[in-house]
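See structure below.
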Number of protein chains: 2
Amino acid sequence: MHSKDLIEAIKTRRDNLDVTQEMLADLSGVGLRTLKQFESGKGNPTLETLQKLGNALGMELTFTIKELK
Amino acid sequence: MHSKDLIEAIKTRRDNLDVTQEMLADLSGVGLRTLKQFESGKGNPTLETLQKLGNALGMELTFTIKELK
DNA sequence: CATAATAGTGCAATAAAAAGCACTTTTAAC
DNA sequence: GTTAAAAGTGCTTTTTATTGCACTATTATG
């Protein structure tokens, strides 16, 4: 997953759950400005930020070995 | 995957490929100090750093919805 | 044990993420 | 077209990630 896809994953999940940026910011403990920046593709979030968002949305970040096809 | 597991994944992969921290730092473009800090569990790396390491090791970072069991 | 390679740490400078605030733009509902 | 909610942006401060350098600690290997 490229950085854009990670963003999309969060955004899509948030939309599906009918959660606004403001709600997610509150729920996750991530600053609203940080979330806005992230979702608009301008950020380079830290692992901690990603984990906080993931937790709030019931998502998980994993590192896997790429299969060679 | 918790933050510790992400670290382990990288470290294990690196060891399996018989790559030193120094080599991985060079290969990935991540500073040696940053890698050392990360692997010793003291960092909060940015997404960019994680991606660089992943790329160099043939690994991929993904965001998935947690299945509820 | 020596010693060479690899990994970990303290310190410091620089760059950039996180955050709040106020504002603008877009979207959706009427 | 109005209005309200949601999303995006500019500016700023504070915090912290990244990095290099020099050093110490740990781990093989002879």
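Heavy-atom basis, side chains included; hydrogens, waters and symmetry copies ignored.
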Return the value, rounded to whole Å, for the distance between atom [atom1] of [X] and atom [atom2] of [N].
{"X": "B/Ile7", "N": "C/dG8", "atom1": "CD1", "atom2": "P", "result": "11 Å"}
{"X": "A/Gln21", "N": "C/dT27", "atom1": "CD", "atom2": "P", "result": "13 Å"}
{"X": "B/Phe38", "N": "C/dT9", "atom1": "CZ", "atom2": "C1'", "result": "18 Å"}
{"X": "A/Lys11", "N": "C/dT26", "atom1": "NZ", "atom2": "P", "result": "14 Å"}
{"X": "A/Asp26", "N": "C/dA19", "atom1": "CG", "atom2": "P", "result": "12 Å"}
{"X": "B/Leu32", "N": "C/dA5", "atom1": "CG", "atom2": "C1'", "result": "13 Å"}
{"X": "A/Arg33", "N": "C/dA18", "atom1": "CZ", "atom2": "P", "result": "12 Å"}
{"X": "A/Asn44", "N": "C/dA15", "atom1": "CG", "atom2": "P", "result": "16 Å"}

**Message:** Within the 4.5 Å heavy-atom criterion, are A/Met59 and B/Lys66 side-chain neighbours or not?
**Reply:** no
**Request:** Locate the shortest heavy-atom distance separating B/Leu47 from A/Leu50; write the atom from each residue and the value.
**Result:** CD1-CD1, 4.0 Å
Grab the N/O contacts between the protein and nucleotides 26-30 of chain D below 3.5 Å, and write none if there aren't any.
none

**Asked** When you check the phosphate oxygens OP1 and OP2 of D/dA17, does a side-chain N or O of B/Thr34 lie under 4.0 Å from one of them?
**Response** no
**Message:** With a 4.0 Å limit, can you tell me whether A/Thr20 has a side-chain N or O closer than that to the phosphate oxygens OP1/OP2 of D/dA5?
**Reply:** no
Membership question, hydrophobic clusters at under 4.5 Å side-chain separation (ILVMFWY): are [Y] and [X] in the same one?
{"X": "A/Ile7", "Y": "A/Val19", "result": "yes"}
{"X": "A/Ile10", "Y": "A/Met1", "result": "yes"}
{"X": "A/Leu17", "Y": "A/Leu32", "result": "no"}

**Request:** May I ask you to list the residues of residues 45-55 of chain A, by number, that have any heavy atom positioned under 4.0 Å from an atom of DNA chain C?
**Result:** A/Pro45, A/Thr46, A/Thr49
Nearest-neighbour nucleotide for the [X] side chain, [options] considered:
{"X": "B/Lys36", "options": "D/dA17, D/dG8, C/dG8", "answer": "C/dG8"}
{"X": "B/Arg14", "options": "D/dT19, C/dA7, D/dA7", "answer": "C/dA7"}
{"X": "B/Gln37", "options": "D/dT18, D/dT9, C/dA19", "answer": "D/dT18"}
{"X": "A/Glu39", "options": "D/dG8, D/dA6, C/dA7", "answer": "D/dG8"}
{"X": "A/Val30", "options": "D/dT18, C/dA19, C/dC11", "answer": "C/dA19"}

Hey, what do you get for [atom1] ([X]) to [atom2] ([Y]), rounding to the nearest 0.5 Å?
{"X": "B/Glu67", "Y": "A/Glu60", "atom1": "CD", "atom2": "CD", "answer": "10.5 Å"}
{"X": "A/Thr62", "Y": "B/Leu6", "atom1": "OG1", "atom2": "CG", "answer": "8.0 Å"}
{"X": "B/Met23", "Y": "B/Ser28", "atom1": "CE", "atom2": "OG", "answer": "11.5 Å"}

**Request:** For B/Arg13, check salt bridge (charged side-chain N to carboxylate O under 4.0 Å, His left out) against everything at least two apart and list the hits.
**Result:** none
